[in-house]
Structure formats: C-alpha cells, structure tokens
Number of protein chains: 2
Amino acid sequence: MEVTNAENQKVKVLEKIEEIVAGNPLADNCCPIKDIMGRFGDKWSVYTILMLGRKQRLRFNELKGLISGISQRMLTVTLRSLEEDGLVARTIYTEIPPRVEYELTELGQSLLLKLLDLADWAKQNSQQIMKARKRYASKGAPNTSSEV
Amino acid sequence: MEVTNAENQKVKVLEKIEEIVAGNPLADNCCPIKDIMGRFGDKWSVYTILMLGRKQRLRFNELKGLISGISQRMLTVTLRSLEEDGLVARTIYTEIPPRVEYELTELGQSLLLKLLDLADWAKQNSQQIMKARKRYASKGAPNTSSEV
DNA sequence: CTGAATCCCCTTCGATACTG
DNA sequence: CAGTATCGAAGGGGATTCAG
C-alpha cells in the first residue's frame, strides 16, 4: 500500500506537467510559467519583492539602498515591470520635494510566499548543489569518457 | 485572540525573509536564492526540467524536439548547467552512432515539484496579471497625466 | 528627490560549420 | 547522433544626463 502513495505522487506530477504544456509543444509564446518567470525570474525583481515584503512600504532611494548593487535605472525598470503586473503599488505624493512610495499588492504578497518557498528549497539544497558543482568540476567535465 | 493567526503568518514571513537576507545587505554574491534562481530561472532550464520530468529519460535530440524553439547550442549549455548543479544526470553510451541520455536526479525532481508550485501560482493568477497589465497600459502609464 | 532618456559596453543567444 | 567552435546580431544593464 505504500507503493500507491509514491505512485499517486508521480501521477499528480505528470498531470500537472501535462496541464502546463497542454496544447503548447512549442512553448514559446503562450505558456504562463514562462511569461511569469520571465517577469520576476530576473536578478532584481526577487530582491525588490523581498525587500518590500520586509519593510512593507519604501521610498525609491530607501529601496535602492537596501538592494545596493542595483543601479537607478534597473530599479526604475524593475519597479515599472512589477507595477505593470500588479505586484507592486506606487503612490505618488505631490509634495516638494516629491515623494514616491512603493509597496506590495496582495498579489505581490502571494508571490512573495512562493518565492520564500523557493528560497527554502534553495537554502536546503545549496550544500548539495555546491557539492555537485565541485564534483563536476573535478571529474564530470564534458570530455571525461567514462564507463558504459 | 484571533488576530494572532494572521499576525503569526506575517511574523513567519518576516523571519524567513530575514533568514534569506541575513548578513547580506548587498545581496550580490552570496544569496542562495539569487544563485539558484540564476540557474534555473532562465527560459530554457524550466522547460528542460519539465520535459525530463514528463518523460523520465530522453536523448539529446528527443529533448530538442520537445522544447522546439531551442537551439542546439542552448540545449547543450542548459543541460551542462543543470548537470553541473546535479539536477540532471547524463549517461553516455559509447556506441555507433553515439547515444546520450538525460534524466532528472532526485534533486532535480524535488526542484520540479517547486517549479510546479510556481506554475500553479502563475496559472491561477495569470488572469489577474493580464488584467493589471491592461489597466496599466490604459491609465497607469508614467506620463498619462500630462502631455508633452 | 524621483525617474525618464541617452550612450555604450559586453554578455548572451542563434546560425552555421566542423569533429568523433 | 551528439557535441564543439566561431561569428555576428540583439539586448541587458551601468554611467551619465536631463526634467519635473
């Protein structure tokens, strides 16, 4: 009876995969996962979401300070993209000097949760990945014509 | 006393975030999430993992056919990267003609599960995102309020 | 202070041709 | 069949400048 458990798991996974690639063998322009991943899968979006998740509400330069390493341009671009997708809300205060604040929308917060899941996976498995890389570097290289 | 539930949630999220960014305000070279995301967050890795998850074991050109749109070069590069990280195993059969088969490792399969989670999110929220994009395009744009 | 626009490097990717 | 090598095009991303 324990077999069925594992088997069920597998079946579910396969079903999910089929769902994703359904009617989409070319996978180039209609797969939601690609579309979505393309948005927040980049270097800066993750950090931006993470930082906004941490502080709730931040001004442009505060954000810039927290993600240091990011250029002004990339932060602008990133925020625009996130805003466009409804993940981040921008509030403009027409004062002198001007003030603009950013915060996660509900949608953005739900994505944050998923990202944290992923981060968990990354954290739990980073050791193993590092080990794999070392192993690969030492003996797994492309031209190692090993057995079989 | 019911407040605590939602509050707890928030606290946990915050804790997780702190964990991730711990000792890493610059976030440029040591954050596991960036490192890992950088690996499989690209366009092709996701598909490759998905396809291998679906078919278990595939030859180079089979894979190439399934991910059509990918160039030979990118498939090679992608597979190397995944192999290096221990997510994909490569088996070489020294025959004529040569045969090479790829499959997910256990690690790769555990990542597959996470990717499916993400895909779920993407799927469930893609409508909302599309709506947000339309709204943004029509009225949220940077310069909407004024004319040149 | 926010952030839009320009310039430019430099990586990345695709196409092609070539080896084992 | 499964790769590697090379080259040219495209675009990401940084520094700087300008506007509101």
Inset, instruction - Say whether, by atom type as modelled, one donor and one acceptor occur between the side chain of S81(A) and the main chain of V77(A) under 3.5 angstrom. - result: no

Inset, instruction - Starting from C1' on dG3(C), measure out to CZ on R99(A) and report it in whole angstrom. - result: 17 Å

Inset, instruction - Would you classify Y93(A) as touching base, sugar-phosphate or nothing, given that sugar-phosphate means primed atoms plus P, OP1 and OP2, and contacts are heavy atoms under 4.0 Å? - result: nothing

Legend entry - Whole-Å distance separating the CD1 atom of I70(A) from the C1' atom of dA15(D): 15 Å

Legend entry - L111(A) vs W121(B), side chain to side chain contact (heavy atoms under 4.5 Å, CB included): CA-CA, chis, key distance, verdict: CA-CA 8 Å; L111(A) 176 56; W121(B) 185 92; 3.4 Å; yes

Inset, instruction - Could you list the residues that satisfy side chain to side chain donor-acceptor pair (under 3.5 Å) with E7(A), not counting sequence neighbours? - result: none

Provide a list of protein-nucleic acid N or O atom pairs under 3.5 angstrom, restricted to nucleotides 17-20 of chain C.
none

Legend entry - I96(B) CD1 to dC1(D) P, straight-line distance once rounded to whole Å: 13 Å

Legend entry - Separation of dC1(D) P from Y102(B) OH (nearest whole Å): 15 Å

Inset, instruction - Output the single nucleotide from dG3(C), dC1(D), dG3(D) whose closest atom is nearest the side chain of T76(A). - result: dG3(C)

Legend entry - Listed nucleotide nearest any side-chain atom of R59(A), set dG14(C), dC1(C), dT4(D): dC1(C)

Inset, instruction - Round to the nearest Å and state the distance from W44(B) atom CH2 to dG14(C) atom C1'. - result: 10 Å

Inset, instruction - Using a cut-off of strictly less than 4.0 Å, decide whether R90(B) has a side-chain nitrogen or oxygen near OP1 or OP2 of dG3(D). - result: yes

Legend entry - Intermediate values then yes/no, side chain to side chain contact (heavy atoms under 4.5 Å, CB included), L104(A) and V88(A): CA-CA 4 Å; L104(A) 290 181; V88(A) 159; 4.0 Å; yes

Legend entry - Residues K114(A), D117(B): salt bridge by 4.0 Å N-O rule: no

Inset, instruction - Just compare dT4(D), dG3(C), dC1(C) and give me whichever is closest to any side-chain atom of N61(A). - result: dC1(C)

Inset, instruction - Could you state the atom-to-atom distance from CG of L63(A) to C1' of dC1(C) in whole Å? - result: 15 Å

Legend entry - Donor-acceptor under 3.5 Å (N125(B) side chain, Q128(B) main chain): no

Legend entry - Euclidean distance, L112(A) CG relative to R54(A) CZ, rounded to 0.5 Å: 12.0 Å

Legend entry - Heavy atoms from other residues, nucleotides or ligands near CD of Q127(A) exceed 12 (cutoff 6.0 Å): no

Inset, instruction - Can you tell me the distance, in whole Å, between the CG atom of L79(A) and the C1' atom of dG13(D)? - result: 16 Å

Inset, instruction - Report yes if at least one side-chain N or O of S71(A) is closer than 4.0 Å to OP1 or OP2 of dG14(D); otherwise report no. - result: yes

Inset, instruction - Whole angstrom is fine here: how far is it from CG in L75(A) over to P in dA15(D)? - result: 14 Å

Inset, instruction - Give the nucleotide from the list dG3(C), dC1(D), dA2(D) with an atom nearest to the side chain of P97(B). - result: dC1(D)

Legend entry - K55(A)/E62(A) salt bridge by N-O under 4.0 Å criterion: no

Inset, instruction - Consider only side-chain heavy atoms of I, L, V, M, F, W and Y, link residues closer than 4.5 Å, and tell whether F60(A) and I92(A) are in one cluster. - result: yes

Grab the N/O contacts between the protein and nucleotides 10-12 of chain D below 3.5 Å, and write none if there aren't any.
none

